[in-house]
Amino acid sequence: MSNCIFCKIAQGESHKEFLFEDDRVVVFRDLYPQAPVHILAIPRAHFHSIKEVEDETLVGRLFTAAKKAAEKLGIKDYRMVINTGPQAGQSVFHLHLHLLGGRYMAWPPG
Ligand code: 5GP
Ligand code: ZN
């Protein structure tokens, strides 16, 4: 989608440094980190949210990409989350998997 910031990032238009990339997924740092490590794994293809994805392989690839980036960054404990819909905190409507780590995190989340 031409006006989607994450599509632009996936296409390399905003000169992001990728922590991991392959043919379907890229991983990069969140612009407003909520933890010492806060990265996002996104599909190169545009999906509004996880609800639009029917390809289970792609879902798996997102999680594996985030995990590999966490390993590269040397963190062993982390939280992965996919906010889906405005009520759940989704603000960018290109599917993304958050991975946060490097600090203690309470459960349940707010
Ligand atoms: P959501 O609230 O949709 O689950 O998460 C969107 C995330 O994208 C937020 O954590 C926000 O900080 C991050 N974000 C928004 N715009 C940009 C951007 O232009 N670049 C990067 N790297 N992250 C962004
Ligand atoms: Zn997009």
Side-chain angles (χ1 to χ4, degrees):
M1 247 170 66
S2 60
N3 62 345
C4 171
I5 181 64
F6 283 4
C7 279
K8 291 191 173 79
I9 289 172
Q11 288 153 18
E13 284 179 29
S14 56
H15 308 288
K16 283 282 164 193
E17 182 192 330
F18 294 138
L19 295 159
F20 174 89
E21 67 176 308
D22 63 20
D23 57 325
R24 300 191 71 188
V25 175
V26 299
V27 183
F28 54 91
R29 289 185 193 274
D30 196 292
L31 194 57
Y32 306 103
Q34 302 301 315
V37 172
H38 185 177
I39 61 180
L40 302 170
I42 69 169
R44 288 187 187 272
H46 183 88
F47 295 93
H48 190 78
S49 80
I50 189 75
K51 289 187 278 187
E52 281 69 42
V53 180
E54 293 179 354
D55 180 354
E56 292 176 4
T57 304
L58 179 59
V59 178
R61 293 273 288 264
L62 278 179
F63 279 89
T64 301
K67 188 179 77 164
K68 285 181 180 166
E71 283 165 6
K72 186 174 163 185
L73 293 171
I75 57 162
K76 67 179 179 59
D77 294 351
Y78 46 79
R79 179 175 294 175
M80 293 184 185
V81 62
I82 299 176
N83 298 326
T84 305
Q87 191 176 33
Q90 185 175 6
S91 62
V92 174
F93 291 91
H94 177 129
L95 169 62
H96 51 282
L97 168 64
H98 295 259
L99 185 149
L100 301 111
R103 66 164 169 81
Y104 180 81
M105 273 172 272
W107 189 261

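First listed ligand is number 1; within each ligand, the first listed atom is number 1. For clarity, every value in this text was computed on a predicted model and none was experimentally measured.
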So is Phe6 in contact with ligand 1, going by heavy-atom distances below 4.0 Å? yes
So is Val81 touching ligand 1 or not, going by heavy atoms under 4.0 Å? no
Side chain, backbone, both or neither: which applies to [X] and ligand 1 if a contact is any heavy-atom pair less than 4.0 Å apart?
X	result
Val92	both
Ile5	side chain
His96	side chain

Please identify which atoms of ligand 1 are closer than 4.0 Å to at least one heavy atom of [X].
X	value
Tyr32	12 (O)
Ile9	20 (N)
His98	1 (P), 4 (O), 5 (O), 7 (C), 10 (O)

Before signing off on this row, confirm whether [X] and ligand 1 have an N or O atom pair separated by under 3.5 Å.
X	result
Leu40	no
His38	no
Phe28	no
Gln90	no

State the [atom1]-[atom2] distance between [X] and [Y], to the nearest 0.5 angstrom.
X	Y	atom1	atom2	value
Met1	His46	CE	NE2	4.0 Å
Phe47	Glu54	CZ	CD	9.0 Å
Leu100	Gln34	CG	CD	7.5 Å
Ser91	His96	OG	NE2	6.0 Å

So [Y] and [X], do their side chains get closer than 4.5 Å, heavy atoms only?
X	Y	value
Val27	Leu97	no
Leu40	His94	no
His98	Asn83	yes
Pro86	Phe93	yes

Taking only residues two or more places apart in sequence or in another chain, which ones pass side chain to side chain contact (heavy atoms under 4.5 Å, CB included) with Gln87?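 Here no residue qualifies.
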Restricting to side chain to side chain contact (heavy atoms under 4.5 Å, CB included), what partner residues turn up for Thr64, sequence neighbours left out?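 If we apply the side chain to side chain contact (heavy atoms under 4.5 Å, CB included) test to Thr64, skipping adjacent residues, the hits are Lys68.
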Please say yes or no: joined through hydrophobic side-chain contacts below 4.5 Å, possibly via intermediate residues, are Val59 and Ile42 part of one cluster?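 No, Val59 and Ile42 fall in different hydrophobic clusters.
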Cut-off under 2.8 Å, centre the Zn ion (ligand 2), protein N/O/S atoms: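 Only Cys4 SG, Cys7 SG, His46 ND1, His94 ND1 fall inside 2.8 Å of the Zn ion (ligand 2).
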Side-chain donor-acceptor contacts of residues 71-79 below 3.5 Å, not counting sequence neighbours, with atom names and distances?
from  : atom 1 : to     : atom 2 : distance (Å)
Lys72 : NZ     : Leu19  : O      : 2.9
Arg79 : NH1    : Ala106 : O      : 3.3
Arg79 : NH2    : Ala106 : O      : 2.8

